[in-house]
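This report concerns only the one structure given below.
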Amino acid sequence: MEYNFREIEKNWQAVWKDSGIYQVSNSSEKPKYYVLDMFPYPSGAGLHVGHPLGYIASDIYARYKRLKGFNVLHPMGFDSFGLPAEQYAIETGQHPATTTEKNIATFKSQLDKIGFCYDWSREIKTSDPEYYRWTQWIFLQLFKSWYNHDTQKAESIETLIIAFEKSGSANYLDQTTYRFSSGEWKSFDSKKQQEILMDFRLAFSSYGEVNWCEALGTVLANDEVVNGVSERGGHPVEKKKMRQWYLRITEYADRLLQGLETVQFSDAMKEMQRNWIGKSEGAEMQFAIDNSQLAIKVYTTRPDTIFGVDFLVLAPEHELVNQITTTEQHKSVDEYLTYVKSRSDRERLSEVKQITGCFTGAYAVNPFDGKRIPIWIAEYVLAGYGTGAIMAVPCGDQRDFDFATHFNIAITNIIGNHFNGNEANPTKEAVLENSGFLNGLLMKDAIGVAINKIEELGIGKRKINYRMRDAGFSRQRYWGEPFPIIWSDGIAVPLDEKELPLELPFVEKYGPGKEGEGPLSNLIDWVNMPNGKRETSTMPGYAGSSWYFLRYMDPHNNETFADKKATDYWNQVDVYIGGTEHAVGHLLYSRLWTKVLYDLGYISFDEPFKKLVNQGMITGVSEFIYRYNPNQSDSDSKLMANQIPILNINISELLSDISSPAAMMAIGEGEMYFSKDIIPPNEENKFTPIRVLIDYVDSNKLDVESLTKNNNRYSKAFFVTKEGFYFKEKWYSKDKELSVKQVFVTISVGEKMSKSKLNAINPDVLVDKYGADTFRMYEMFLGPVEQSKPWDTKGIEGVHRFLKKLWRLFFDDIKGKIWTEEKANDAELKTLNKTIKKIEEDTERFSFNTAVSAFMVCVNELSDLKCHKKEILEPLLILLTPYAPHISEELYHELGNKDSILNAAYPKLENKYLIESEKEYPISINGKLRTTITISLDAPQPDVEKIVLNSEIVQKWLDGKSPKKIIFIKNKMVNVVV
RNA sequence: ACCCGGGUGGUGGAACUGGUAGACACGCAGGACUUAAAAUCCUGUGAUCAGCAAUGGUCGUGUGGGUUCAACUCCCAUCCCGGGUACCA
């Protein structure tokens with residue numbers, strides 16, 4: 001009986017499905033465990049082998065925890081709102097709902113073939129009204145809340161209204177620019193009141209500069225803009241003022257930072273989030289402007305360098321620029337501002353090194369020594385960070401130094417010989433000079449002293465700044481959640497929660513509306529309401545994904561987003577698996593939403609993910625052939641009509657050798673394709689690399705026959721290879737039937753796998769050929785889950801062989817069943833227990849590649865021992881279940897079990913089989929291994945020394961000398977030091 | 001430029017807290033079975049030197065140094081690769 005994986009897998013997948021064995025209950029005696037994958041966006045391309053990597057890892061862990069006696073929640077769903085579906089709709093006219101549905105079906109069928117243990121009864125789709133109803137609901141909670149600095153948490157906006165009614169803005173002076181008394185508040189009309197409240201709401205609307213992408217007709221988030229162009233499509237992006245929705249994530253900056261201490265994310269991941277939040281501590285201080293009432297506020301992290309300030313720089317957009325510019329300087333300042341405006345973000349970014357700026361003519365006064373300081377404007381100072389103005393200290397900051405040098409501004413040295421006059425030195429270790437009351441202090445100590453003085457003089461205060469901006473929350477797009485908001489006379493009025501979901505209306509056309517508004521603005525009937533107009537933008541992709549892990553806990557609830565009992569039971573996601581690419585987007589937003597829901601009392605934990613595992617990317621191998629075109633360069637070697645091109649080295653030899661008419665024809669009629677290994681370096685520019693579908697390449701060899709058969713463009717082509725030409729000394733052409741079937745193609749390693757790069761490997765093909773169990777184990781065997789690694793299909797055979805070998809422990813091809821009920825001996829029990837220990841440890845620490853190896857070792861050993869005993873084989877199958885569930889289930893039943901192996905108990909480790917009474921100790925002399933001696937484990941040190949010294953080999957190495965000392969490390973080794 | 005990772009055979013990768021480097025697998029070579037192929041099994045496989053052989057010596061984890069009886073592992077310096085951030089004051 002052979003290992004018929006196709007039948008086994010089909011059979012058991014059906015059984016599991018029919019029995020609903022993967023469905024989990026929200027109440028159980030068992031402890032809970034929540035294993036979650038980052039849910040996929042159902043793209044049209046389907047899965048490639050890179051996608052399931054994380055899913056397999058989480059599936060193994062979920063199954064393992066289940067066997068270990070946990071009630072495991074392991075759901076799957078789809079992040080089904082988003083741009084690609086809409087883009088596709090614009091191109092083809094198909095409704096995004098239709099294509100999305102189709103794509104989800106493809107994904108699910110692909111996933112099912114791999115045998116995941118998802119509880120599909122909990123499946124969610126973010127584009128499902130029953131789901132986004134609660135996305136909208138949470139948005140309303142954000143809208144109806146504010147962040148109270150006193151209590152350090154989100155509260156209902158009602159508490160703020162009460163406070164305003166009672167004592168005006170008095171208690172919130174640090175949180176608002178408004179100043180009003182209780183009486184004034186009450187006298188404000190509701191529009192004014194709402195305007196003020198809007199500045200507090202956690203979800204708020206405001207006019208702001210947004211990244212506007214003309215080509216996509218939409219606003220993009222900062223992380224959707226890369227180098228000044230859109231991440232998708234690479235279209236140019238510019239700044240535009242628009243009314244937008246935002247989430248006040250900046251209020252949570254500190255808690256998001258602190259929360260990182262409580263979760264198990266990789267250091268790299270934490271670091272990325274910290275950088276994104278970008279906390280910096282320093283001081284804000286004012287510089288009075290000479291001959292004026294005005295003052296400029298600057299932000300600095302180095303107040304200790306205050307006496308080294310040689311000029312101030314304002315961002316060109318700074319509001320005081322016009323007021324302070326002197327009449328003489330007006331013209332040049334205007335010219336500079338025009339120049340800055342003319343520059344796109346992209347230019348500004350790509351020409352970072354370029355130093356530009358303009359003097360305003362005005363001077364500020366250093367509050368400590370009264371020195372007059374020129375005020376400049378320059379684009380290297382950003383309006384959006386700090387106060388949009390800096391104090392420049394050229395001896396300590398390289399950009400300030402470059403600026404000063406470029407514009408011939410004299411540099412004050414406050415750090416003595418730490419400054420060499422050629423470059424700035426940003427040290428904090430120097431002792432200050434020329435620094436008034438700070439003289440003689442170490443810079444890092446002077447920071448605090450300076451801030452105290454600044455606060456004492458009332459010209460500034462200690463200040464913490466964050467790089468992070470509030471998160472843009474609206475898109476001028478169709479395929480997203482509509483905002484449950486009606487604009488009534490300039491006031492944003494939320495829909496009643498009972499009216500949710502506000503369903504996304506059907507549209508005929510997906511193009512943008514006027515003025516950059518979204519497609520929804522074209523639906524006049526929908527937009528116009530008795531009391532105003534609906535908000536026409538939709539929520540961004542991350543809206544639905546910011547809380548989906550909560551919905552899985554109680555996916556069919558009609559009363560609330562998830563029952564408190566359910567969220568209390570399942571609590572945090574114990575293990576969350578996904579790629580690093582969501583480090584600063586999704587992961588930050590879902591942490592924010594969780595914290596807000598926690599503050600408002602809806603859930604009882606404030607970090608969503610206890611542990612995060614980032615799976616590495618599986619890179620593809622792209623294959624190229626090279627099309628030869630001698631006319632491509634302007635070198636002498638031009639291909640004349642029927643003339644052999646004059647080329648050198650390999651190519652010239654190759655072509656000069658062509659005397660056959662077929663070869664001449666080849667050059668005249670068809671295109672020639674070469675493998676890279678015969679391209680001489682100096683001829684490279686005459687060869688154009690062309691991607692070849694990976695399917696046509698097997699073990700570096702190109703299947704020319706299939707390629708030409710399926711692609712018309714190659715019908716008259718000729719393929720030339722090093723092997724073909726040099727080894728066989730012949731020139732091959734397809735027409736002359738001297739064709740080589742194999743052409744070597746070059747490999748470009750380490751490209752991301754994608755359909756467009758023609759290097760994607762479809763898991764379906766592999767599952768069909770080797771089975772899901774082989775596929776699962778091979779993906780794990782490739783290397784550590786967290787590491788990026790290249791895909792190589794060849795190695796899969798090894799894992800497949802392993803499963804066949806395992807099968808043969810149970811069945812013989814001829815004899816059939818060969819497993820027995822015999823009692824196991826010590827050697828067999830030792831192998832088993834060694835494996836239990838190893839598999840358990842490895843699975844626990846997500847080291848699945850070494851676990852797979854351990855299985856292989858175990859089966860090899862059992863084969864060698866000719867062990868076919870049920871006592872050994874059954875526990876082995878249970879260990880294997882998480883990795884290869886189908887074959888385990890099949891064999892488990894063959895052993896006579898009625899219940900599913902999924903309900904089996906994890907085998908217990910019996911340590912006594914691992915403890916030995918004797919051990920072969922490695923003996924090294926001066927650290928070099930020389931021999932091994934068997935020593936009883938309970939032998940005391942003096943005995944060991946005696947045994948070792950009596951050994952002939954040791955005697956030989958000692959050569960009469962007596963050892964200085966003998967180091968004996970129990971269970972490890974003995975080292976003799978001479 | 002800054003901040004994180006990481007450099008181990010022909011290849012993917014093992015070696016968890018310093019203790020026999022190269023597990024396991026691919027590939028390759030040789031062999032067995034077979035009319036043949038597939039499948040399966042066995043042997044060898046870091047480099048180098050000595051030996052008919054069993055075997056033994058030396059070198060070997062990017063490079064140079066250090067700590068230690070003992071270093072892929074710890075410390076210092078340096079080079080290279082991958083990821084992230086980027087005029088953030």
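Quick note on labels: first sequence line is chain A, next is B, and so on, each numbered from 1. Quick note: numbers below take in every heavy atom, side chains included, and nothing from hydrogens, waters or symmetry partners.
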For [N], the Watson-Crick or wobble counterpart (both distances under 3.5 Å):
{"N": "B:A15", "answer": "none"}
{"N": "B:C74", "answer": "B:G66"}
{"N": "B:G82", "answer": "B:C4"}
{"N": "B:U61", "answer": "none"}
{"N": "B:U55", "answer": "B:A50"}
{"N": "B:G30", "answer": "B:C42"}
{"N": "B:C88", "answer": "none"}

Please round to the nearest 0.5 Å and tell me the distance separating atom [atom1] of [X] and atom [atom2] of [Y].
{"X": "A:Arg274", "Y": "A:Leu260", "atom1": "CZ", "atom2": "CG", "result": "5.5 Å"}
{"X": "A:Asn366", "Y": "A:Ile373", "atom1": "CG", "atom2": "CD1", "result": "4.5 Å"}
{"X": "A:Arg591", "Y": "A:His586", "atom1": "CZ", "atom2": "NE2", "result": "11.5 Å"}

Using the [atom1] atom in both, what is the distance from [N] to [M], to the nearest Å?
{"N": "B:A54", "M": "B:U43", "atom1": "P", "result": "16 Å"}
{"N": "B:A14", "M": "B:A23", "atom1": "C1'", "result": "5 Å"}
{"N": "B:A71", "M": "B:G66", "atom1": "P", "result": "12 Å"}
{"N": "B:U8", "M": "B:G56", "atom1": "C1'", "result": "26 Å"}
{"N": "B:G18", "M": "B:C75", "atom1": "P", "result": "11 Å"}
{"N": "B:G60", "M": "B:G22", "atom1": "P", "result": "16 Å"}
{"N": "B:G27", "M": "B:G10", "atom1": "C1'", "result": "7 Å"}
{"N": "B:G7", "M": "B:G13", "atom1": "C1'", "result": "14 Å"}

Would you call A:Arg845 and A:Glu841 a salt bridge, using N to O less than 4.0 angstrom?
no
Checking understanding here: a glycosidic angle within 90° of 0 is syn, the rest anti, so what is B:G18?
anti
Check A:Phe775, A:Phe5, A:Tyr778 against A:His800 for a ring pair (Phe, Tyr, Trp, His ring centres under 6.0 Å) and give me the one that passes.
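The passing option is A:Phe5.
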Please compare A:Gly783 and A:Lys965 by the position of their nearest nucleotide in RNA chain B and report the one closer to 5'.
A:Gly783
Residue mapping more 5' on RNA chain B - nearest nucleotide basis, A:Arg808 or A:Arg399
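Counting from the 5' end, the first nearest nucleotide belongs to A:Arg808.
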Rounded distance in Å - [atom1] ([X]) to [atom2] ([N]):
{"X": "A:Met617", "N": "B:C81", "atom1": "CE", "atom2": "P", "answer": "18 Å"}
{"X": "A:Met285", "N": "B:A89", "atom1": "CE", "atom2": "P", "answer": "17 Å"}
{"X": "A:Asp812", "N": "B:A39", "atom1": "CG", "atom2": "P", "answer": "19 Å"}
{"X": "A:Glu281", "N": "B:C88", "atom1": "CD", "atom2": "P", "answer": "18 Å"}
{"X": "A:Asn614", "N": "B:G84", "atom1": "CG", "atom2": "P", "answer": "13 Å"}
{"X": "A:Arg302", "N": "B:A89", "atom1": "CZ", "atom2": "P", "answer": "11 Å"}
{"X": "A:Met780", "N": "B:G12", "atom1": "CE", "atom2": "P", "answer": "19 Å"}
{"X": "A:Phe287", "N": "B:A89", "atom1": "CZ", "atom2": "P", "answer": "17 Å"}

Does B:A89 have OP1 or OP2 sitting under 4.0 Å from an N or O in the side chain of A:Tyr385?
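Yes, because at least one side-chain N or O of A:Tyr385 sits under 4.0 Å from OP1 or OP2 of B:A89.
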So does A:Arg467 get a side-chain nitrogen or oxygen closer than 4.0 Å to the phosphate oxygens (OP1/OP2) of B:U85?
no
Using the ring of each side chain (for Trp, its six-membered ring), is A:Phe855 parallel, tilted or perpendicular to A:Phe802, with breaks at 30° and 60°?
tilted
Over 60° means perpendicular and under 30° means parallel, so tell me whether A:Tyr299 and A:Tyr385 are parallel, tilted or perpendicular.
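Ring orientation of A:Tyr299 relative to A:Tyr385: perpendicular.
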Give every pair of a protein N or O atom and an N or O atom of nucleotides 2-7 of chain B that lie under 3.5 Å apart, one pair per line with the distance.
from	atom 1	to	atom 2	distance (Å)
B:C3	O2'	A:Glu271	OE2	3.3

Among B:C88, B:A89, B:C69, which nucleotide sits nearest the side chain of A:Val977?
B:C69
Of the nucleotides B:A39, B:C88, B:A14, which one has an atom closest to the side chain of A:Pro784?
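The nucleotide sitting nearest to the side chain is B:A14.
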Can you tell if the side chain of A:Ile454 reaches within under 4.5 Å of the side chain of A:Ile306, non-hydrogen atoms only?
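They are not in side-chain contact.
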Hey, do the aromatic rings of A:Phe848 and A:Phe846 have their centres closer than 6.0 Å?
yes
Do A:Phe311 and A:Phe407 have ring centres separated by under 6.0 Å?
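Ring centres of A:Phe407 and A:Phe311 not closer than 6.0 Å.
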Which protein N or O atoms sit under 3.5 Å from an N or O of nucleotides 19-26 of chain B?
from	atom 1	to	atom 2	distance (Å)
B:A25	OP1	A:Asn860	ND2	3.2
B:C26	OP1	A:Arg801	NH1	2.4

Apply the test side chain to side chain donor-acceptor pair (under 3.5 Å) to residues A:Asn465 and A:Ser280: give CA-CA distance (whole Å), side-chain angles for both, the deciding distance (0.1 Å), then the verdict.
CA-CA 5 Å; A:Asn465 253 324; A:Ser280 76; 5.3 Å; no
Can you list the residues that meet the side-chain contact (heavy atoms from CB on, under 4.5 Å) rule with A:Glu786, with sequence neighbours excluded?
A:Val613
